[in-house]
Amino acid sequence: MMFEHDDPILELTDEQSWKLLEKTKHGRLVLTAAGETDIFPINYAARDGRLVLRTAPGTKLAELTINERVLFETDGIGSGEAWSVVVKGTARVLQTQEEIAAAEALPVETWIPTLKDFYVEVKPTSISGRHFKFGEQPERF
């Protein structure tokens, strides 16, 4: 088991949550603009307290430039256990050559063969994680 605990749900520390973020490469980015909320599957890298992703021109890029406040979620399922980490934060498109070069050094790979020329950094304002032990629903008394 990844984390040992007696209760079915364990609230993870920030450090535990970051370790899971750093070991995972995919998640979902939630954006809101003009009263509409969208969710996008993304590949990312977590380094130095930040998330970095690549994107192309389109809805995702337009929405995060309109409203920098984002949510990010990633999770994992194993034998008898699962976990979920949620990050609230702000997103910005990386602009300087130095920032872009640092982002290019990260292992952010795309799923599909399209050009993704924009790097986006998500700076967390909060992080929360939970670990779940699978089991049967208890009987009611």
Side-chain angles (χ1 to χ4, degrees), residues 1-140:
M1 179 113 1
M2 189 178 298
F3 301 101
E4 293 298 325
H5 51 98
D6 294 326
D7 292 328
I9 301 171
L10 171 67
E11 297 286 331
L12 300 177
T13 66
D14 289 359
E15 182 179 333
Q16 290 169 321
S17 295
W18 271 107
K19 286 184 181 187
L20 292 171
L21 284 170
E22 290 172 350
K23 292 179 182 179
T24 309
K25 297 181 185 222
H26 63 279
R28 287 151 298 284
L29 187 67
V30 180
L31 306 168
T32 302
E36 294 291 324
T37 301
D38 288 309
I39 187 165
F40 300 93
I42 63 162
N43 293 332
Y44 75 97
R47 297 290 186 275
D48 302 323
R50 307 274 194 286
L51 305 177
V52 175
L53 61 113
R54 293 172 65 180
T55 191
T59 304
K60 185 184 333 158
L61 187 61
E63 287 183 6
L64 67 85
T65 56
I66 291 170
N67 181 0
E68 67 179 11
R69 293 176 49 187
V70 301
L71 290 173
F72 171 81
E73 190 269 344
T74 187
D75 50 39
I77 299 173
S79 177
E81 64 184 332
W83 58 268
S84 176
V85 175
V86 175
V87 173
K88 294 180 182 180
T90 57
R92 69 179 185 90
V93 177
L94 300 181
Q95 299 289 331
T96 69
Q97 289 294 4
E98 183 178 286
E99 291 175 324
I100 293 168
E104 287 175 339
L106 297 174
V108 182
E109 300 175 9
T110 62
W111 284 347
I112 57 175
T114 58
L115 295 175
K116 298 191 188 282
D117 294 328
F118 295 89
Y119 286 91
V120 175
E121 173 189 81
V122 175
K123 182 179 178 182
T125 56
S126 70
I127 183 171
S128 63
R130 296 186 295 170
H131 181 262
F132 310 98
K133 287 174 39 175
F134 294 161
E136 297 294 321
Q137 178 174 319
E139 291 187 31
R140 295 187 198 276

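Not measured: the values here are computed from a predicted model.
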**Report entry** Check: Thr24 side chain, Leu21 main-chain N or O, donor-acceptor pair, under 3.5 Å
**Finding:** no

Partner residues of [X] under the side-chain hydrogen bond (donor to acceptor under 3.5 Å, both in side chains) criterion, sequence neighbours left out:
X	value
Thr37	Thr32
His26	none
Glu63	none

For [X] against [Y], the heavy-atom pair lying closest together:
X	Y	result
Phe134	Gly78	CE1-O, 3.7 Å
Trp18	Gly49	CH2-C, 3.6 Å
Val70	Ala91	CG1-CB, 3.9 Å
Asp6	Lys133	O-NZ, 3.7 Å
Val120	Thr55	CG2-CG2, 4.0 Å

Working to the nearest 0.5 Å, report the span between [atom1] of [X] and [atom2] of [Y].
X	Y	atom1	atom2	value
Asp14	Gln16	CG	CD	9.5 Å
Leu10	Arg130	CG	CZ	11.0 Å
Gln95	Tyr119	CD	OH	14.0 Å
Leu106	Arg54	CG	CZ	10.5 Å
Ile100	Phe118	CD1	CZ	9.0 Å
Ile39	Phe72	CD1	CZ	10.0 Å

Query raised in the report: Take atom NZ in Lys25; do more than 12 heavy atoms of anything else shown fall under 6.0 Å from it?
Result: no

Requested in this report: Inspect the surroundings of CD1 in Ile77 and state if more than 12 heavy atoms from other residues, nucleotides or ligands are less than 6.0 Å away.
Outcome: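 Counting other residues, nucleotides and ligands, CD1 of Ile77 stays at 12 neighbours or fewer.
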
Requested in this report: Begin from the C-alpha positions of Leu115 and Thr110 and carry the test side chain to side chain contact (heavy atoms under 4.5 Å, CB included) through to its verdict.
Outcome: CA-CA 9 Å; Leu115 295 175; Thr110 62; over 6 Å; no

Query raised in the report: Any side-chain hydrogen bond (donor to acceptor under 3.5 Å, both in side chains) pairs touching residues 40-49, not counting sequence neighbours?
Result: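 Residue pairs passing side-chain hydrogen bond (donor to acceptor under 3.5 Å, both in side chains), neighbours aside: Asn43-Trp111.
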
Query raised in the report: According to the salt bridge (Lys or Arg N to Asp or Glu O under 4.0 Å) rule, which pairs have a member within residues 78-91, sequence neighbours left out?
Result: none

Query raised in the report: Any salt bridge (Lys or Arg N to Asp or Glu O under 4.0 Å) pairs touching residues 69-78, not counting sequence neighbours?
Result: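 Of all non-adjacent pairs touching residues 69-78, those that pass salt bridge (Lys or Arg N to Asp or Glu O under 4.0 Å) are Arg28-Glu73, Arg28-Asp75.
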
Query raised in the report: Among Thr74, Val87, Ile127, Val86, which residue meets the side-chain contact (heavy atoms from CB on, under 4.5 Å) test with Ser17?
Result: Ile127

**Report entry** Verdict with supporting geometry, Met2 and Leu20, side chain to side chain contact (heavy atoms under 4.5 Å, CB included)
**Finding:** CA-CA 10 Å; Met2 189 178 298; Leu20 292 171; 3.5 Å; yes

